[in-house]
S.K.: 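I have a structure here, written as structure tokens, and I will follow up with some questions on it.
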There are 2 protein chains.
Amino acid sequence: MLDVTRLRVLDAVARLGSVTAAAKELHYTQPTASHHLARLEAETGARLLQRAGRRVRLTPAGQLLAGRAAEIIGRIDAAGNELAAHVGLTTGLVRLVLQRQLVCVW
Amino acid sequence: MLDVTRLRVLDAVARLGSVTAAAKELHYTQPTASHHLARLEAETGARLLQRAGRRVRLTPAGQLLAGRAAEIIGRIDAAGNELAAHVGLTTGLVRLVLQRQLVCVW
DNA sequence: TAGAATTACGCTCTACGTAACTATC
DNA sequence: GATAGTTACGTAGAGCGTAATTCTA
């Protein structure tokens, strides 16, 4: 099963054009983003990136997967928003959530 | 961001009707599945399950999220299959992957 | 030589299992 | 008492960062 954390990195690289920019957007360091990409290639058995000078470019397989990744991430975000709206409407609570950790409800 | 691992547990509970059956299908122990569900409720701030005797039933919020979870999981699986087909067609490799760990390529 | 990526290594935190507990039929 | 679920606790592994290395414009 594809790991969504790694798909997020691939999606960011596809949109922003570099590992560094992707890492920055996701609040990772560059090595962490690079590591996720390397693991994604190992886990899928597909070459997803190729060096182009000191930049990287997506292979056809990488572009294919990045497109699907964007759809999947969109679905996940939409589901989260939908649930939040549902909960908000039915309970009227306000939740403060930091790093997946519930901090406050009132 | 919703955790897909936990969504898989919720989806299995929705389809199979119990935490025990869901755990078995996903090759987890029952406490592990139960823990994922508890964390999912804490992270989303929504009641997703309610005890019904010694079974559990999904709340409306739980049913909503379970439906979206099934869609998301389907998308992820489809993307993985699509990529595998693409790689298979272009390289002719056979990959043996166990627990996300690449074991052999030839 | 400055910028971009990878590799090496260590630490923290999460995922998971086992064991113990609670509750319902 | 058997079955279903939860809570407590310990451990192995993954995620992330820092540091060091490689490569290219």
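Lettering of chains follows the sequences in order, A, B, ..., and the numbering in each one begins at 1. Note: hydrogens, waters and symmetry copies are ignored here, and every other heavy atom, side chains too, is used.
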S.K.: Out of D/dG15, C/dG17, C/dC25, which has the shortest distance to the side chain of B/Arg54?
M.R.: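 The answer is C/dC25.
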S.K.: From the set C/dA5, D/dG15, D/dG5, return the single nucleotide nearest to any side-chain atom of A/Asp3.
M.R.: D/dG15
S.K.: From the options C/dA15, D/dG17, C/dA4, select the nucleotide whose nearest atom is closest to the side chain of A/Thr29.
M.R.: D/dG17
S.K.: Indicate, with a heavy-atom threshold strictly under 4.0 Å, whether A/His36 touches base, sugar-phosphate, or nothing.
M.R.: sugar-phosphate
S.K.: Look at the side chain of B/Gln30 and decide which nucleotide, out of D/dG17, C/dG17, D/dT6, has an atom nearest to it.
M.R.: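 It is D/dT6.
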S.K.: Rounded to the nearest Å, what distance is computed from the OH atom of residue A/Tyr28 to the P atom of nucleotide D/dT18?
M.R.: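 Answer to the nearest Å: 15 Å.
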S.K.: Which nucleotide in the list D/dT6, C/dT6, D/dC16 gets nearest to the side chain of B/Arg51?
M.R.: D/dT6
S.K.: Quick one: do the A/Thr20 and A/Gln30 side chains pair a donor with an acceptor below 3.5 Å?
M.R.: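 Judged by distance alone, the side chains do pair up.
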S.K.: In whole Å, I'd like the distance from the CZ atom of B/Arg8 to the P atom of C/dC16.
M.R.: 11 Å
S.K.: Grab the two heavy atoms, one from B/Gly62 and one from B/Leu10, that are nearest each other, plus how far apart they are.
M.R.: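 That would be O-CD2, 4.0 Å.
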S.K.: Counting only side-chain heavy atoms from C-beta out, which of C/dA15, C/dT6, D/dT6 sits nearest to B/Pro31?
M.R.: D/dT6
S.K.: From NZ of B/Lys24 over to C1' of D/dG5, roughly how many Å is that when rounded to an integer?
M.R.: 15 Å
S.K.: Expressed as a whole number of angstroms, how long is the span from A/Leu37:CG to D/dC16:P?
M.R.: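 Those two atoms, CG and P, are 12 Å apart.
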S.K.: Starting at CG of B/Leu10 and ending at C1' of D/dG5, how long is that distance when rounded to a whole Å?
M.R.: 16 Å
S.K.: Does a side-chain N or O of B/Thr32 approach OP1 or OP2 of C/dG17 to a distance below 4.0 Å, or not?
M.R.: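 Looking at the OP1 and OP2 atoms of C/dG17, one of them is under 4.0 Å from a side-chain N or O of B/Thr32.
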S.K.: Heavy atoms only: give me the nearest A/Thr5-A/His36 pair and the separation to one decimal.
M.R.: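 Minimum heavy-atom separation between A/Thr5 and A/His36: CG2-CE1, 3.7 Å.
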S.K.: Please report the interatomic distance CG(A/Leu49) to CD(A/Gln63), rounded to the nearest 0.5 Å.
M.R.: 10.5 Å
S.K.: Expressed as a whole number of angstroms, how long is the span from A/His35:NE2 to D/dG17:P?
M.R.: 12 Å
S.K.: Please find the pair of heavy atoms, one from B/Ala21 and one from B/Leu16, that lie closest to each other, and give the distance.
M.R.: O-CD1, 3.5 Å
S.K.: Is there a side-chain polar atom (N or O) of B/Ser18 under 4.0 Å from OP1 or OP2 of D/dA4?
M.R.: no
S.K.: Side chain of B/Arg39 only, heavy atoms from C-beta on: which candidate in C/dA15, D/dA4, D/dT18 is closest?
M.R.: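 Of all the options, the side chain of B/Arg39 is nearest to C/dA15.
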S.K.: Rounded to whole Å, how long is the line connecting atom CG of A/Leu49 with atom C1' of D/dC23?
M.R.: 17 Å
S.K.: Considering only D/dA19, C/dA4, D/dC16, which nucleotide approaches the side chain of A/Thr20 most closely?
M.R.: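 The nucleotide sitting nearest to the side chain is C/dA4.
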S.K.: For A/Arg55 and C/dA4, give me the distance from atom CZ to atom C1', rounded to whole Å.
M.R.: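 Roughly 8 Å, once rounded to whole Å.
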